[in-house]
Amino acid sequence: MTAENNHLPRPWADLRLDRLIDAAAEGDLPADDAAELARCLAADPDARRRYVDWMLLDHSIDEELSAAGVADMVDMLGGQRPASMVPGRWWRLAAIIAIGLVLAAGTLGGGIVTLEAVRASVGLSRREPLAEVSRVRLAVPATKGGKQAAAIRKGRLIGAERIAIASGAIELTLASGCMIVLEGPGEVELVSPNETVLHQGVIVVRCAEGVVVSVDTPTAWISCSGGEFAAKVDQSLSTDVQVYEGDVVARGGAKTGSGQFPERIAPRQGRRFSARPDSSPETIAFSPERFTRRVPDGTGIGMESELENEKTGRPRLESLVVARASEPLTIDGDLSDWKDAVWFRGTLSAAEWVEGAMLHDADHLYVAAKVGDPLPMRNSVDPQFDAPLVWQGGGLQIFLSGDRATGWPADANGPSYYVNRKIEAPFAERLKAENPRLVTLVMTHHAATNTDRLCLGRAPGFTATELPTSSFSGRFVRRPDGRGYTLEYAIPWTTLGFADDPPQSGDTLATAWELHLSDETGRLWRNQIIEIRNQKEPPGIFLFERAATWGRANFR
Amino acid sequence: MRSDHTTADLNPAVPVIANDALDAFARELARSQPRLRGLIRCLLFDRQDVEDVWQDTNVTLLKKAADFRPGTDFWAWASQVARYQVLTHCKKIKRDRLVLAEDLIQQIAAEVIDRGGQLDDRRDALAACLARLPRTQRQLLEMRYGPKNSIEAIAESLDRSAGSIRQALFRIRGTLLACIEKRLATEGVA
């Protein structure tokens, strides 16, 4: 291995080398040992290969288990994962901006100036995005010509265009680094990274010191060089301006007299510019709570109790691959023909685990699971009578979105989400929850009749009802050792109501797996394994409460 | 209404590169991130140095985006930039921290760069091996790598000695490495 280790038995020398490398990877290598390691590496190509293997392992574990990857770093900044979350052709630019947000600035707090820096670095033309939607809260896009506009999602890149919301609020991060909060109903138009037109509604603008931004309204022009102000355009087109801090000047639309000249508006002051051409600005009272200045992050609300949080499991995986089945599958519980599948594993204990996979083709969703369960296939809840409770007796429950327009994460909160947290359900959220393409499937083996069953529930409540056996194929098979089972189901897209637009290769949709385990009676729920869950969502939210908790199903 | 005083002129004039080239560049840059960071990790002992150089490398690549020609070997170009950044960084820090000698950096970099796409295979294999790791071992790794706990902090929280934690992590890494090599050999990648 090395000159100095040549006299040693080979395994010992290998072990010594591994220890030196491991200490180097840990940053714990004393100078003498570092010199020894350097000599080993310089002299022996095998040692270099081993060193590279070990360091790459350390790097890969770090990538796998920490938030060190680029996408995660971007997430820390409140950005988006480039490939998975930013749809369409903009993902490439999002990748650059996302990387640039972290890398060009060098610090997490540098987001204010980094978009501009990245733009400068890569030479984006003025037709390219001017802003990114950085936060969204209960935002419903306004209708255009009687048609509902596309959903406004976090991470969406916006060019020189109008953006309008009917309710809720969004926060835009401009390429200049300024932030704009638009409160619905409202409409803004981005002109450049430093120029915005407020057509209607309320915006709050904040910029770092020295960054100049201007806002035009139908009746006023406002400019700020660092600071924060609000502007409101009401039905009469008059403009209220309120300054929180910083250096703000404004002028109205007066054509004559002193109203033509811009005036400075000091912090904690307000002005109203009316639509009358001969009017001078009026002083209005400053009201700090009048407008929405920050958009809260859109993640869900967990339960207060740790016990409740524990019930929602400790899932480790966020995504699974739904490969395309290259040949028809025989639904017999024998999974040897699942050659195209990409399996994942969730574990509760040595005896309680699930290995799962999904496949798809033009007509079907296929589901397979190998389950470790010391009390398998005892479900005594008859779905004919008690379908909503059938999960209690054990089986597999899958949540799935067929809503390509929403993509991932799915967006719907069931009634119980609000009930359990004792909060009001906004009307817009109730509308979103009525989404027939969000479903749950509960696959069970009814022990008394020795039949394999399927129940289907839909948003918003996901209350399951049993499906006739003619509408699917399913099979449970007990493991020879009696400590688990396999299940295999083929569920036509028609059964799910997705046949008009079934998921296709390339889609990223939402899904989550929940394996239910029962006691020996097959009636009382004893535990569960949840996997494929959105890691950004806090614990303490049940899958049936909030579709945003579901993980990603990457259809290939 | 529009102001007479536009602020558009505040934007710096920037070189414009073709959209196709920009697409290709962004795609390659995003795809190369794990490999780039892996390469830098192999050349520097200190994890914070790795983060710094990784960032510097990306900033340099972004600045040189206009130099990239679609169809050329992005990895070869990017890895050269990374290697140069490592050497520059080592010159800055060598008085304070242990660094590899320049010729050794070149040798090791060549080893990593030659592996190319194999690095992705190793990462995929690791994911499978991690999934098969006993829960307690996985938890220990998560404590070390997740919130970047020091070994001493982990030892204190588990009421064990730092040496025993080091030893346990060493064994887990050895197990994972053996698992990866076995998987790659089975799949005919290694």
Side-chain angles (χ1 to χ4, degrees), chain A residues 18-19 22 24-29 31 34 38 41-42 48-49 51-66 69-70 82-83 92-93 95-96 99-100 102-104 106 118-125 192-195 212-214 216 218-221 223 253 345 347, chain B residues 1-3 5-8 10-12 14-17 22-23 25-27 29-30 33-34 37-38 41-42 45-47 55 58-59 62-63 65-66 98 100-101 103-104 107-108 111-112 115 119 122-123 126-127 130-132 135 141-142 145-146 148 151 166 169-170 173-174 176-177 180:
Chain A
D18 283 353
R19 285 195 184 284
D22 194 58
E26 279 290 358
D28 281 341
L29 196 63
L41 297 178
R48 284 199 294 277
R49 276 191 282 278
Y51 171 86
V52 167
D53 287 345
W54 200 278
M55 296 299 274
L56 287 176
L57 172 74
D58 179 77
H59 154 71
S60 298
I61 298 172
D62 199 15
E63 289 263 309
E64 194 75 21
L65 299 182
S66 80
V70 169
R92 300 167 187 86
L93 289 167
I96 285 182
I99 293 162
V102 178
L103 305 172
V118 172
R119 289 172 63 81
S121 298
V122 299
L124 298 182
S125 76
S192 79
N194 307 86
E195 295 171 295
V212 178
V213 67
S214 69
D216 284 293
T219 48
W221 171 79
S223 180
R345 183 182 176 95
T347 306
Chain B
M1 64 185 280
R2 295 290 164 85
S3 162
H5 310 284
T6 176
T7 54
L10 293 175
N11 288 328
V14 291
V16 176
I17 64 176
L22 181 62
D23 282 356
F25 173 80
R27 201 165 39 238
L29 182 61
Q33 289 304 306
R37 190 162 172 272
R41 181 70 186 102
C42 289
F45 294 152
D46 186 278
R47 288 193 170 99
Q55 291 183 7
N58 277 291
V59 170
L62 284 165
K63 286 178 179 169
L98 286 171
L100 294 168
D103 55 345
L104 197 48
Q107 284 180 305
I108 293 170
E111 171 73 28
V112 181
R115 295 191 184 195
L119 304 181
R122 295 188 80 87
R123 207 168 50 250
L126 172 67
L130 278 172
R132 280 158 181 73
R135 195 175 221 199
L141 282 181
E142 286 172 351
Y145 287 92
K148 299 284 187 294
I151 285 182
R166 279 195 189 88
L169 286 168
F170 173 71
R173 292 186 188 114
L176 286 172
L177 203 50
I180 289 169

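As the structure is a computational prediction, the values presented were derived from the model and not from experiment. A note on names: the letters A, B, ... follow the listed sequences, proteins ahead of strands, and every chain is numbered from 1.
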Among the listed options L29(A), D53(A), L57(A), D28(A), the residue most often paired with chain B at heavy-atom distances under 4.5 Å: D53(A)
Tell me, for [X] versus chain A, whether the close heavy atoms (under 4.5 Å) come from the side chain, the backbone, both or neither.
{"X": "L104(B)", "value": "side chain"}
{"X": "L126(B)", "value": "side chain"}
{"X": "A131(B)", "value": "backbone"}

Spacing of L176(B) atom CG and L169(B) atom CG [to the nearest 0.5 Å]: 10.5 Å
Nearest-0.5 Å distance, CZ of residue R49(A) to CD1 of residue I108(B): 12.5 Å
Smallest separation among heavy atoms of Q33(B) and L29(B), with atom names: NE2-O, 3.0 Å
Residues R37(B) and E63(A) bridged, charged N to O under 4.0 Å: yes
